[in-house]
Student: 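What follows is a structure written as structure tokens; I'll ask about it next.
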Amino acid sequence: MKLFRYRTAEGVRPGLIDVQGVARDLSSHVSDLGPETLGASVLADIRTLDQSALPEISGEIDYAPCVGQVGKFLCIGLNYSDHAEEVGATPPEHPILFMKANSAIVGANDDVRIPRGSKATDWEVELGVVIGAAAKYVTVESALEHVAGYCIVNDVSERDFQMQLTGQWTKGKSCDTFGPIGPWLVTADEVADPQNLALSCDVNGTRMQTGNTDKMIFSVAEIISHLSQLMTLHPGDVIATGTPPGVGMGQKPTPVFLRDGDVMELKIQGLGQQRQVLRADG
């Protein structure tokens with residue numbers, strides 16, 4: 001299923017894209033898409049609905065973040081062998097973990113704000129993993145059983161803040177609007193192999209990133225298993241699994257960064273697409 005959350009005058013409501021590609025409202029069956037409704041039993045109930053009987057959503061959809069009440073926004077760094085190469089980094093022995101503030105989360109097509117003082121705001125298309133069942137000390141073999149679904153994440157990054165402000169990467173990753181997720185949460189049963197998905201990111205109509213999740217150093221299952229040895233993963237947690245080559249800081253001979261008015265367009269096979277316009281904070 002392709003599930004989403006959308007904004008109305010009355011607030012955010014859940015919806016789904018039916019088999020004919022029609023957007024329909026789910027609010028008479030679930031109150032939201034979040035920690036309480038991402039478990040296997042609720043998703044199974046949604047699958048049994050007569051989708052044609054659900055109210056059709058008319059007009060353009062204003063997508064909210066595809067998951068509400070996110071508990072943890074976990075991110076994996078340098079997880080594509082070809083991306084590590086482009087930035088001159090040694091591939092890690094274990095998944096590199098950093099956190100992105102939940103306050104960075106916005107919808108797939110919301111504007112991205114360039115923070116005051118920024119000189120190096122960058123793009124990163126990533127496969128997002130949404131946890132649906134609590135995971136603690138899980139094996140690689142059973143890890144995917146804990147996944148509710150997948151989505152697109154743009155791990156927007158301010159490289160000067162990330163590298164020059166002393167400390168951990170979180171400073172450059174957590175600015176307001178730096179975490180677009182969605183437009184859809186595509187349930188795990190519709191993603192046959194998360195390690196074979198094409199990703200891309202265009203900036204102002206020029207293809208900057210092209211990749212495939214088969215180049216991940218650590219697979220989705222390995223990431224979940226590893227993190228679950230360190231902390232309990234809860235329903236509604238989001239994991240961004242790393243980015244392929246082509247980010248702005250990796251451009252040769254001179255890095256390229258985002259400016260006011262630029263447009264980012266991101267796609268992942270089967271998961272839809274995002275479009276964000278950059279706006280400078282005053």
Side-chain angles (χ1 to χ4, degrees), residues 1-74 100-113 128-134 147-156 174-188 190 234-240 264 266 271-279 281:
M1 297 181 292
K2 295 179 176 67
L3 306 174
F4 62 89
R5 302 168 71 244
Y6 72 108
R7 301 180 181 106
T8 73
E10 292 76 34
V12 174
R13 293 182 176 178
L16 64 76
I17 306 293
D18 71 14
V19 292
Q20 280 79 40
V22 177
R24 297 187 179 275
D25 185 89
L26 263 179
S27 59
S28 61
H29 296 276
V30 292
S31 60
D32 201 356
L33 297 174
E36 303 302 319
T37 55
L38 291 174
S41 61
V42 175
L43 296 181
D45 288 343
I46 295 174
R47 288 189 189 93
T48 67
L49 296 175
D50 177 3
Q51 296 184 356
S52 64
L54 297 172
E56 184 175 342
I57 301 170
S58 60
E60 185 174 354
I61 298 173
D62 182 6
Y63 286 108
C66 63
V67 180
Q69 299 83 54
V70 172
K72 296 189 286 294
F73 198 169
L74 304 158
K100 204 172 181 82
N102 290 4
S103 55
I105 296 172
V106 291
N109 301 322
D110 291 343
D111 290 348
V112 167
R113 308 297 302 190
V129 179
V130 179
I131 299 298
V147 175
Y150 302 90
C151 65
I152 303 173
V153 173
N154 189 353
D155 177 21
V156 186
S174 295
C175 302
D176 294 346
T177 75
F178 271 26
I181 62 172
W184 309 324
L185 169 64
V186 180
T187 52
E190 287 204 12
H234 293 102
D237 287 351
V238 176
I239 305 170
M264 297 180 286
L266 295 76
L271 305 186
Q273 62 185 51
Q274 300 184 350
R275 183 181 188 274
Q276 297 109 26
V277 179
L278 277 296
R279 305 295 186 194
D281 271 351

Student: Side chains of K100 and D155: does their closest heavy-atom pair fall under 4.5 Å?
Tutor: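 They are in side-chain contact.
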Student: Please find the pair of heavy atoms, one from D50 and one from S52, that lie closest to each other, and give the distance.
Tutor: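 Between these two residues, the closest heavy atoms are OD1-OG, 2.6 Å.
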Student: So how far is it from R13 CZ to S28 OG, rounded to the nearest 0.5 Å?
Tutor: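 Answer for the CZ-OG pair, R13 versus S28, is 10.0 Å.
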Student: By the definition side-chain contact (heavy atoms from CB on, under 4.5 Å), identify the one residue from L49, L185, L43, V19 that meets it with M1.
Tutor: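 Filter result, single survivor: L43.
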Student: Verify side chain to side chain contact (heavy atoms under 4.5 Å, CB included) between D18 and E56, making sure each step is shown before the conclusion.
Tutor: CA-CA 10 Å; D18 71 14; E56 184 175 342; over 6 Å; no
Student: Quick check on side-chain contact (heavy atoms from CB on, under 4.5 Å): which of L266, V106, D110 does Q276 satisfy it with?
Tutor: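 Between Q276 and the candidates, side-chain contact (heavy atoms from CB on, under 4.5 Å) is satisfied uniquely by L266.
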Student: Looking at every non-hydrogen atom in both residues, tell me the closest pair between A134 and P235 and how far apart they are.
Tutor: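 Looks like N-CD, 4.0 Å.
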Student: At what distance, to the nearest 0.5 angstrom, does CD1 of I239 lie from CZ of F73?
Tutor: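 Reported value, rounded in 0.5 Å steps: 11.0 Å.
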Student: Mind checking what makes salt bridge (Lys or Arg N to Asp or Glu O under 4.0 Å) contact with D176, not counting sequence neighbours?
Tutor: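 Partners of D176 by the salt bridge (Lys or Arg N to Asp or Glu O under 4.0 Å) criterion come out as none, since no residue qualifies.
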Student: Looking at every heavy atom in both G182 and C151, which two are closest together, and how far apart are they?
Tutor: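 Looking at all heavy atoms of both residues, the closest pair is N-CB, 4.3 Å.
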Student: As a quick check of understanding, evaluate side chain to side chain contact (heavy atoms under 4.5 Å, CB included) for R47 and T187, giving each step before the final call.
Tutor: CA-CA 11 Å; R47 288 189 189 93; T187 52; 3.9 Å; yes
Student: To the nearest 0.5 angstrom, please state how far the CG atom of L3 sits from the OG1 atom of T37.
Tutor: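 The CG atom of L3 sits 9.0 Å away from the OG1 atom of T37.
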Student: Within the 4.5 Å heavy-atom criterion, are Y6 and D62 side-chain neighbours or not?
Tutor: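 They are not in contact (no side-chain heavy atoms under 4.5 Å apart), so the answer is no.
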Student: Enter the distance from M264:CE to N109:CG here, rounded to the nearest 0.5 Å.
Tutor: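 Taking CE in M264 and CG in N109, the distance rounds to 11.0 Å.
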Student: If you look at every heavy atom in P14 and L33, which pair is closest and at what distance?
Tutor: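 That closest heavy-atom pairing would be CB-CG, 4.0 Å.
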Student: Going by heavy atoms in the side chains, are C175 and R113 under 4.5 Å from each other?
Tutor: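 No; the side chains remain at least 4.5 Å from each other.
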Student: Can you tell me how far the CD1 atom of I152 sits from the CH2 atom of W184, to the nearest 0.5 Å?
Tutor: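 The distance works out to 8.0 Å.
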Student: Run the numbers on Y150 and V129 for side chain to side chain contact (heavy atoms under 4.5 Å, CB included), then give the verdict.
Tutor: CA-CA 5 Å; Y150 302 90; V129 179; 3.9 Å; yes
Student: Verify the neighbour count for atom CD of E36: are there more than 12 heavy atoms of other residues, nucleotides or ligands below 6.0 Å?
Tutor: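 Result for CD/E36: open.
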Student: Can you find a heavy atom in the side chain of F178 that is under 4.5 Å from one in the side chain of V112?
Tutor: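 Side-chain contact under 4.5 Å: yes.
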Student: So which heavy atom on L38 is nearest to which on A148, and how close?
Tutor: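 Answer, listing the atom of L38 first, then A148: O-CB, 3.6 Å.
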Student: Could you state the interatomic distance from CG (D32) to CG (L26), rounded to the nearest 0.5 Å?
Tutor: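 If I round to the nearest 0.5 Å, the distance is 11.0 Å.
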Student: Side chains of Q274 and N154: do they bring a donor and an acceptor to under 3.5 Å?
Tutor: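 Checked: Q274/N154 side chains show no N/O donor-acceptor pair below 3.5 Å.
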Student: Side chains of I105 and I181: closer than 4.5 Å at any heavy-atom pair?
Tutor: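 I105 vs I181: side chains touch.
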Student: Report yes if some heavy atom in the side chain of H29 is under 4.5 Å from a heavy atom in the side chain of L54; otherwise report no.
Tutor: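 They are in contact (side-chain heavy atoms under 4.5 Å apart), so the answer is yes.
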Student: Would you name the heavy atoms of P183 and A108 that are closest together and state the gap between them?
Tutor: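 P183 and A108 have their closest heavy atoms at N-CB, 3.5 Å.
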